[in-house]
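The block underneath contains the structure these notes are about, expressed in structure tokens.
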Amino acid sequence: MTYKPKSEFLHEMQTRGFLSDCTDLEGLDEALLNGVVPAYIGFDATADSLHVGSLIQIMMLRWLQKTGHKPITLMGGGTTKIGDPSGKDESRPQLTGEKINENIAGIRKVFDKYLTFGDGPTDAVQPNNAEWLDGLNYIEFLRDYGRHFTINRMLTFDSVKLRLEREQPLTFLEFNYMLLQAYDFAELNRRYGCVLQMGGSDQWGNIVNGIDLTRRVNQNTVFGLTTPLLTKADGSKMGKSASGAIWLNEDRLSPYEFWQFWRNTLDADVGKFLKLFTELPVAECERLGALKGAEINEAKIILANEVTTLAHGADAAAAAEATAREVFEKGGVGDDLPTVTLDPADLSDSGISIVQLFVKSGLAKSGKEAKRLIAEGGAKLDDKTVSDAGMMIPRDAVAATLKLSAGKKRHALVKLG
RNA sequence: GGGGGGGUGGCAGAGUGGUCAAAUGCAACGGACUGUAACUCCGUCCGGGAAACCGUACACUGGUUCGAAUCCAGUCCCCCCCA
């Protein structure tokens with residue numbers, strides 16, 4: 001019963017598990033067969049990097065380009081000034097234009113790893129919706145676009161309904177978010193001939209709005225496609241780790257830690273993640289994901305290497321793997337471990353306390369936590385369990401690089417700056 | 001506009017004058033087991049201190065009391081019902 005797409009892009013998306021919903025799978029398939037399809041995904045500019053939560057979208061754009069189409073990474077510079085009510089119970093903070101531009105530059109660094117930007121027909125482009133939203137004239141907007149939206153319909157959207165049911169305030173400002181997002185699609189359709197918007201399944205309502213609006217104001221048929229909401233096999237949310245979000249930008253998260261995140265994938269997720277986040281052939285992903293027992297660890301290493309190669313390059317992936325082997329298999333030290341450089345001013349004449357060392361390295365959030373670690377026997381200095389919470393590290397000992405460990409997995413190197 | 005209920009640790013949610021740094025669950029962290037898994041089990045989980053101990057904390061401000069998360073007054077916010 002399921003439609004079997006003929007286009008390379010949709011075929012790949014379907015077999016790899018990217019597809020959740022599509023407004024018109026057959027129609028889109030045909031469009032993809034008939035020529036270059038420009039397609040966009042919107043990203044908000046609330047942070048200066050993207051995290052793994054967006055990786056599925058990024059991979060989708062990469063496949064799009066790989067299969068001969070044009071990716072558009074729309075930056076929500078204008079809409080970020082408002083905040084998206086979708087799935088949020090509280091309004092997002094509003095950012096200044098300056099901060100938003102910084103964020104956009106940071107995000108671009110991530111995209112540069114996955115996509116080729118330029119002026120060619122299938123080169124990616126990165127417009128910013130502030131380009132058309134900032135200069136919008138209120139009266140004109142109401143006249144030309146406001147007439148196409150009914151309040152009745154807008155009230156049926158989950159993002160709105162939820163807020164109203166809980167009697168949480170939904171300001172007019174936020175309420176307008178969906179109009180602007182719909183307007184984006186119409187505008188991209190005009191500027192780039194964009195005929196497809198993709199996004200997470202939570203964006204379905206916004207996407208459909210954009211399609212309707214584009215049809216009404218531009219008389220063009222356009223499509224929408226959503227990806228499934230990603231959760232891990234144990235039901236928890238994807239993309240969080242002990243230290244926080246898994247950023248794709250290396251100045252936010254080192255390639256080694258990024259690699260570790262994938263290395264620690266749950267068994268049950270390996271096959272799925274290989275298909276979504278690597279470019280290995282589907283059959284290979286399935287074979288690796290089906291490995292049993294300790295063998296699946298090899299698959300996890302492949303997963304980590306592949307994903308890290310895409311995000312940070314082959315060298316970074318190899319270095320991360322080498323460090324991991326050194327640390328986990330030989331109990332040694334690898335160059336790639338997170339390294340903290342101590343300011344000589346942090347040391348007193350008698351050196352620095354072991355507790356402070358843990359706090360400075362980021363392995364413990366507070367002195368209390370460091371002491372707890374020590375009391376629980378989870379703290380190690382150069383692979384020797386630390387038992388004395390009052391221990392001082394003398395100056396000359398810090399001159400050499402020290403290896404700190406919190407538990408079996410979290411390690412850091414400390415050296416004197 | 002009127003009436004009622006409520007704001008407690010990352011979240012959920014007990015606690016109604018001392019024994020409360022605050023039950024319990026979830027999340028998180030450490031340990032055992034293992035495959036750098038999962039499951040299970042044990043432990044920890046505000047901050048400072050080697051420790052004794054100290055400091056902050058139960059929306060906010062002030063008050064009553066030897067003593068307040070708990071009582072009183074005011075302020076802000078949220079929820080429910082009626083108009």
Side-chain angles (χ1 to χ4, degrees), chain A residues 88-91 162-171 231-246 256-274 288-305 308 320-334 336-338 348 350-381 383-393 403-412:
Chain A
K88 299 277 189 298
D89 344 348
E90 281 173 40
S91 329
L162 243 119
R163 291 278 281 267
L164 293 182
E165 274 165 13
R166 295 185 193 166
E167 297 208 8
Q168 279 164 339
L170 174 64
T171 60
T231 49
K232 297 202 291 180
D234 63 7
S236 62
K237 214 173 143 194
M238 165 99 191
K240 287 280 191 282
S241 80
S243 41
I246 302 300
Y256 170 76
E257 289 170 283
F258 184 76
W259 193 91
Q260 280 297 323
F261 169 76
W262 296 101
R263 171 66 244 269
N264 286 312
T265 300
L266 295 174
D267 288 8
D269 286 327
V270 173
K272 182 165 98 180
F273 286 2
L274 280 165
L288 289 168
L291 290 175
K292 289 282 175 275
E295 284 189 343
I296 199 155
N297 280 327
E298 286 310 307
K300 292 182 188 179
I301 291 171
I302 292 171
L303 173 67
N305 280 337
T308 307
E321 186 187 357
T323 292
R325 284 198 193 282
E326 194 60 42
V327 172
F328 285 94
E329 291 172 22
K330 299 179 193 150
V333 176
D336 243 24
L337 288 177
S348 67
S350 46
I352 184 167
S353 74
I354 185 74
V355 169
Q356 274 311 304
L357 218 45
F358 270 93
V359 174
K360 288 264 190 286
S361 71
L363 292 177
K365 288 193 200 71
S366 66
K368 271 277 192 249
E369 198 173 301
K371 280 167 210 150
R372 235 175 268 137
L373 257 178
I374 292 166
E376 288 168 333
K380 293 202 183 76
L381 172 65
D383 298 308
K384 287 192 291 287
T385 303
V386 177
S387 52
D388 176 15
M391 182 177 175
M392 292 299 287
I393 315 297
K403 178 188 178 194
L404 287 179
S405 310
K408 283 179 291 195
K409 288 192 185 179
R410 296 154 58 222
H411 308 277

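Protein chains get the first letters and strands the later ones, always in sequence-line order, with residue 1 at the start of each.
- Computed from coordinates, the A/E298 CD to B/A37 P distance equals 15 Å when rounded to whole Å.
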Go through it in stages, so that I can follow the logic: the residues are A/R263 and A/N297, the test is side-chain contact (heavy atoms from CB on, under 4.5 Å), and I'd like the CA-CA distance, side-chain angles, deciding distance and then a yes or no. CA-CA 8 Å; A/R263 171 66 244 269; A/N297 280 327; 2.5 Å; yes
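- Taking 4.0 angstrom as the limit, A/R410 places a side-chain polar atom (N or O) nearer than this to OP1 or OP2 of B/G30.
- Partner of A/I296 under the side-chain contact (heavy atoms from CB on, under 4.5 Å) criterion, chosen from A/I301, A/L291, A/L266: A/L291.
- Residue A/A406 is classed as a sugar-phosphate contact, given heavy-atom separations below 4.0 Å to backbone atoms only.
- Only the C1' atoms considered, B/A69 is 12 Å distant from B/A59, to the nearest whole Å.
- The nearest whole Å value for the distance from the CG atom in A/L291 to the C1' atom in B/A37 is 14 Å.
- To the nearest angstrom, P of B/A37 lies 16 Å from CG of A/D269.
- Spacing between atom CG of A/L266 and atom C1' of B/G35 amounts to 13 Å, rounded to whole angstrom units.
- The pairing partner recorded for B/C39 is none, the criterion being a Watson-Crick or G-U wobble arrangement whose two distances lie under 3.5 angstrom.
- Within the shown strands, B/G63 is the pairing partner of B/C71 under the Watson-Crick or G-U definition, both distances less than 3.5 Å.
- One distance of note links CG of A/L303 with NZ of A/K272; it measures 12.5 Å at 0.5 Å rounding.
- Taking atom CE of residue A/M391 and atom C1' of nucleotide B/A50, one finds them 14 Å apart after rounding to whole Å.
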Does the pair A/V386 and A/L373 meet the rule for a side-chain contact (heavy atoms from CB on, under 4.5 Å), with working shown? CA-CA 9 Å; A/V386 177; A/L373 257 178; over 6 Å; no
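- In summary, of the residues considered (A/D267, A/N264, A/N305, A/T265), a side chain to side chain donor-acceptor pair (under 3.5 Å) with A/K300 occurs for A/D267 alone.
- Nucleotide B/A27: unpaired (no Watson-Crick or G-U wobble partner with both distances less than 3.5 Å).
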Which protein N or O atoms sit under 3.5 Å from an N or O of nucleotides 40-47 of chain B?
residue, atom, partner, partner atom, Å
B/G43, N2, A/E376, OE2, 2.9
B/U44, O4', A/E376, OE2, 3.2
B/G47, OP1, A/S366, OG, 2.7
B/G47, OP2, A/R372, NH2, 2.9

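- Here the side chain of A/N297 is nearest to one of B/C33, B/G30, B/G35, namely B/G35.
- Atom C1' of nucleotide B/U36 and atom NZ of A/K380 are separated by 13 Å, given to the nearest angstrom.
- Atoms CD1 and CG, from A/I393 and A/L357 in turn, are 6.0 Å apart once rounded to the nearest 0.5 Å.
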When you look at A/L381 and A/M391, which way does the side-chain contact (heavy atoms from CB on, under 4.5 Å) test go after all the steps? CA-CA 11 Å; A/L381 172 65; A/M391 182 177 175; 3.8 Å; yes
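- The separation of B/C76 from B/U61, taken at their P atoms, amounts to 15 Å, rounded to a whole angstrom.
- Put simply, OG on A/S361 and CG on A/L337 are 11.5 Å apart, with the number rounded to the nearest 0.5 Å.
- A/D336 pairs by the salt bridge (Lys or Arg N to Asp or Glu O under 4.0 Å) definition with nothing, not counting sequence neighbours.
- In this structure, the CD1 atom of A/I374 is 13 Å from the P atom of B/G31, given to the nearest Å.
- A heavy atom lying under 4.0 Å from RNA chain B marks none of the residues of residues 355-364 of chain A.
- If you check B/A38, B/G49, B/G35 against the side chain of A/K371, the one that comes closest is B/G49.
- Of the candidate nucleotides B/U34, B/G35, B/A38, B/G35 has the atom nearest to the side chain of A/I296.
- B/A28 and B/G9 have their C1' atoms separated by 14 Å, with the value rounded to a whole Å.
- Nucleotides B/C66 and B/A57 are separated by 22 Å at their C1' atoms, to the nearest Å.
- Across B/A38, B/U36, B/A32, the shortest atom-to-atom separation from the side chain of A/N264 is found for B/U36.
- Comparing B/C39 with B/C53, their P atoms are spaced 39 Å from each other, to the whole Å.
- Atom NZ in A/K380 sits 12.5 Å away from atom OG in A/S387 (nearest 0.5 Å).
- B/G47: Watson-Crick or G-U partner is B/C54, with both key distances under 3.5 Å.
- For residues 383-393 of chain A, the set of pairs meeting the salt bridge (charged side-chain N to carboxylate O under 4.0 Å, His left out) definition, not counting sequence neighbours, comprises A/D383-A/K403.
- Nucleotide B/G17 has no partner under the Watson-Crick or G-U criteria, as no pair reaches both atom distances under 3.5 Å.
- Separating the C1' atom of B/G18 from that of B/G67 is a span of 6 Å, rounded to the nearest Å.
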Quick test: give all pairs of protein nitrogen or oxygen and nucleotides 23-27 of chain B nitrogen or oxygen below 3.5 Å, distance rounded to 0.1 Å.
none

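- In this structure, the salt bridge (Lys or Arg N to Asp or Glu O under 4.0 Å) partners of A/E321, at least two apart in sequence or on a different chain, are A/R325.
- Atoms NZ and CZ, on A/K371 and A/F358 in that order, are 13.0 Å from each other to the nearest 0.5 Å.
- Between the side chain of A/T323 and the main chain of A/A320, no donor-acceptor pair closer than 3.5 Å is present.
- The distance from atom CD of A/E295 to atom P of B/U36 is 14 Å, rounded to the nearest whole Å.
- A distance of about 10 Å separates the P atoms of B/G7 and B/G13, rounded to the whole Å.
- Remark: the separation of the P atoms in B/G63 and B/A68 is 12 Å, to the nearest Å.
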